[in-house]
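Only one structure is covered here, and it is reproduced in the block below.
A note on names: the letters A, B, ... follow the listed sequences, proteins ahead of strands, and every chain is numbered from 1.
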Protein chains: 4
Amino acid sequence: MTRARPDRKQRANGVESRRRILEAAVEIAGERGYEGTSIAVVSAKCGLPASSIYWHFKDKDDLIAAVIERSFETWLAAVVLPGEDAGTPLERCVAMAADIARSLVDAPDFLRLGLMLALEHRPVEPQGRVVFREVREVARQRLAEVVRTLFPALDESAVHLLVTYAVAGGDGLFVQRETRGEEVDLVAMFELHARTVYGMAEGMPAGG
Amino acid sequence: MTRARPDRKQRANGVESRRRILEAAVEIAGERGYEGTSIAVVSAKCGLPASSIYWHFKDKDDLIAAVIERSFETWLAAVVLPGEDAGTPLERCVAMAADIARSLVDAPDFLRLGLMLALEHRPVEPQGRVVFREVREVARQRLAEVVRTLFPALDESAVHLLVTYAVAGGDGLFVQRETRGEEVDLVAMFELHARTVYGMAEGMPAGG
Amino acid sequence: MTRARPDRKQRANGVESRRRILEAAVEIAGERGYEGTSIAVVSAKCGLPASSIYWHFKDKDDLIAAVIERSFETWLAAVVLPGEDAGTPLERCVAMAADIARSLVDAPDFLRLGLMLALEHRPVEPQGRVVFREVREVARQRLAEVVRTLFPALDESAVHLLVTYAVAGGDGLFVQRETRGEEVDLVAMFELHARTVYGMAEGMPAGG
Amino acid sequence: MTRARPDRKQRANGVESRRRILEAAVEIAGERGYEGTSIAVVSAKCGLPASSIYWHFKDKDDLIAAVIERSFETWLAAVVLPGEDAGTPLERCVAMAADIARSLVDAPDFLRLGLMLALEHRPVEPQGRVVFREVREVARQRLAEVVRTLFPALDESAVHLLVTYAVAGGDGLFVQRETRGEEVDLVAMFELHARTVYGMAEGMPAGG
DNA sequence: AATGAATGAGGATTCATTCAT
DNA sequence: AATGAATGAATCCTCATTCAT
């Protein structure tokens, strides 16, 4: 005679559990960084025992790497790139920057954790740091593509320079916002930055 | 036969010990951040037992705060501001930026640790984070003074904006250098940034 | 050749482990008090590593509180109250007192630790002290019930007074026994005390 | 040329320092017991460095023993025994008890710490425990003398019994007061106890 | 798919004590 | 008479991880 298990948690559901773990971990890692994110704290926050976390993730490093990936996706989803028809190229750039700024205000965890990982120089590099560099490189390439489209005359080293400068400004402004709080109008600063970079591109010599 | 006492440390010297501890801690904290800086590792690096560290510093928080302060001073000392006679204002700005870039390459610990602390949002704020914000504000004020001198027509909100943008660019470029290594020519990027901010200031409307 | 795993503990058994920890802790805490009961010593005595103790108890405070509870229960179980048919009320009181005295000689840990905790006035009250007060109040209520049954004419303040005096005498005699050892015949003293309190009750004015 | 030392603490004064240390230690030990009284806390409370405490006392054990002695003297000084002319013997006994009760309310540290030490059974007996037993024995002898004077017909074992019972009641009532606070009227309870013991003595058979 | 229990290593911090000055 | 500095051992507790079920 087969009895239905009466009291089993809601029918064990791996996907849902994984999601809960990641959600908890994103929040904590975004606040406290790699070392500050202990399995015990994540366990407490998501309600699953520590050993269950190890069922879903090989080890802490693996978890943090997954956190970076997930928070990157969450962030990407928050970036709604503007339609291509909207105004002059400059205006479109500015709108894009504003949009990115808004997404960083709404979902800052990805960049915050990523920058923390990026700044650390620990003996054995965490996988999460590698993942961050990878997704960042993806972002760089996309941005480079935009630059090449708008300024086809620029050579590769100029594109490279512009992208580096653009990303650096974004990171730095984000840090300002994180440090000084709402006093910093991230959207306005990103718009200013976009205009500046655009002007810089226009002023650059064409060709190789 | 009288044995020389084998290990009795040379006459107790508080100032020197404190210096040794800080020196070790700066290096470690600059690499591994707040949580990654364990007292045991600092103890091993400086050669004093952990309990001696607690003679000189109330707790880990106090130590890290002192680390921030000391590394800031070290860094400041490394910034050799250019003489006032050297060329046009723009040239002097560019030289100053290059100098700061060089100091960040030589003594990156201060800013690296500071940014790590700045990005953390832990429930109870570490004292080191507070100190970082304070010394940063000092730096901001100095920069604001330079801007006011060069562009007396600008109103305060414009000065504020310029300073924020200038610092953000510096931070962001530093992060690029930390992430991507020597591939990033920090001095050149800082010079470019200085020129850009200078141009931005010139283009700003005067008056309140 | 298959070696038996040398030390892998017999199948994990939480209930049994908890019991072992408590058993060790009762003994140690009963001898050395709160501060004298180090987790390391308990760990050594029960054979489980310190970290396992923290699986079963939130912290030391929690452990000591559980110790109080458990030793109270052990002690209660050792008190075999006399049948209700045995002789005059006075005789039954005396028999009860003798029984309690015997239980305190056999299982003194509860009261010894409890009194130590009760006497401490530390800034943050240990949970064990709270628990001790609670179980003691239970004991007081039981005793009050006995008094009310035997002397229905007494008003509440008289009952209260009698109970306080009775318990105080018990505690004080216990302390004598702990201080001066077997020279003190605890059973005889408790019997004397019972007779005294009984007489005191008889001599009290009835009514409110 | 002899310069007056300008800034030396008030002219080093051993007696005064010793007093300050003991005063701090009495309070702390009375609150937290033997183990809870750390040299560092005493040092913080009295304002002298820990090493100075070791100039005045051989070690912690020595300090605690001195604490017991000093708090005993303080307490004794607070006990103002009543003149011999005041009323009947019973009345004088009651007055004496009331006086002791008052002294215990005013200066409870001695008995509180003493009882804590008495209850502990640590492997190596602290000197303070020995001192407590000694001063207690002195108190017992005094009380025995009083009993012998008032009831010359009693034999030694009866005296012994009465003293034990009297002291036990006092200790127990003190514990009640410590546990339950001002709700317990220590003076009234001590008076009741005195009357009870007096009555007990009267009821005892004379002779050997 | 999940988890209760366990565990050794290491975390920060405090301990009583010593010693040169 | 006093103290700044130092120190090894011990404190409580958390860590990441494993494993039998």
Side-chain angles (χ1 to χ4, degrees), chain A residues 8-9 11-18 35 37-43 48-61 63, chain B residues 5 7-18 35-43 48-61 63, chain C residues 5 7-18 35 37-43 48-61 63, chain D residues 8-18 35 37-43 48-61 63:
Chain A
R8 266 273 173 237
K9 286 275 158 55
R11 174 200 303 277
N13 180 341
V15 178
E16 162 69 2
S17 290
R18 203 186 136 95
E35 302 253 13
T37 302
S38 83
I39 300 292
V41 174
V42 174
S43 156
L48 286 112
S51 46
S52 293
I53 296 178
Y54 280 87
W55 198 91
H56 290 278
F57 302 93
K58 188 176 139 296
D59 56 18
K60 181 175 161 173
D61 217 52
L63 171 62
Chain B
R5 298 286 202 71
D7 207 26
R8 183 138 299 281
K9 281 283 151 53
Q10 70 279 10
R11 142 194 28 201
N13 179 343
V15 178
E16 161 69 2
S17 292
R18 203 187 136 96
E35 302 255 11
T37 303
S38 85
I39 299 292
V41 174
V42 175
S43 157
L48 285 116
S51 48
S52 291
I53 296 178
Y54 282 89
W55 169 260
H56 293 278
F57 302 92
K58 193 178 135 300
D59 55 18
K60 182 174 160 173
D61 217 53
L63 171 61
Chain C
R5 298 287 201 70
D7 207 27
R8 183 138 298 278
K9 279 285 152 51
Q10 70 280 7
R11 145 203 17 206
N13 178 343
V15 178
E16 162 68 2
S17 292
R18 201 187 138 98
E35 302 255 11
T37 303
S38 83
I39 298 292
V41 174
V42 176
S43 157
L48 287 118
S51 48
S52 291
I53 296 178
Y54 283 90
W55 169 259
H56 292 278
F57 302 93
K58 192 178 134 299
D59 55 19
K60 181 174 161 174
D61 217 52
L63 171 62
Chain D
R8 265 272 173 239
K9 284 277 156 51
Q10 69 278 11
R11 172 200 303 278
N13 179 341
V15 179
E16 162 68 1
S17 290
R18 202 186 137 96
E35 301 253 15
T37 302
S38 83
I39 300 293
V41 174
V42 174
S43 156
L48 286 107
S51 47
S52 292
I53 296 178
Y54 280 87
W55 197 92
H56 290 278
F57 302 92
K58 189 176 138 295
D59 56 17
K60 180 175 161 173
D61 218 51
L63 170 62

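- For B:Ser17, the side-chain atoms get nearest to F:dA5 when compared with the rest of E:dT3, F:dA16, F:dA5.
- Checked by atom type and distance alone, the side chain of A:Ser52 never pairs as donor or acceptor with a backbone atom of A:Leu48 at under 3.5 Å.
- Side-chain nitrogen and oxygen atoms of D:Ser38 include at least one within less than 4.0 Å of the OP1 or OP2 phosphate oxygen of E:dC15.
- In this structure, B:His56 does not reach the F:dG4 phosphate: none of its side-chain N or O atoms is under 4.0 Å from OP1 or OP2.
- Using a 4.0 Å heavy-atom criterion, one finds that A:Thr37 contacts the sugar-phosphate atoms exclusively.
- Residue A:Ser51 places none of its side-chain N or O atoms closer than 4.0 Å to OP1 or OP2 of E:dA2.
- As a whole-Å value, the separation of C:Arg18 CZ from E:dA6 P is 12 Å.
- Between D:Tyr54 and C:Gly14, it is C:Gly14 whose nearest contact on DNA chain E lies nearer the 5' terminus.
- Distances were taken from every side-chain heavy atom of C:Asp59 (C-beta onward) to each of F:dC13, E:dG8, F:dT11; the shortest belongs to F:dC13.
- Between D:Asn13 and D:Val15, some side-chain heavy-atom pair lies under the 4.5 Å cut-off.
- With hydrogens and angles disregarded, a donor-acceptor distance shorter than 3.5 Å links the side chain of B:Lys60 to the backbone of B:Thr37.
- Taking both residues in full, the closest heavy atoms of B:Arg18 and B:His56 are given as NH1-O, 3.7 Å, listed atom of the first, atom of the second, then distance.
- Closest to the side chain of C:Lys60, from the set E:dT17, E:dT3, F:dC13, is F:dC13.
- Computed from coordinates, the D:Ile39 CD1 to F:dT11 C1' distance equals 16 Å when rounded to whole Å.
- Dashed line: the shortest gap from a side-chain N or O of C:Trp55 to OP1 or OP2 of E:dA5 is under 4.0 Å.
- Between A:Ser52 and the phosphate of E:dA1, there is no side-chain N or O to OP1/OP2 separation shorter than 4.0 Å.
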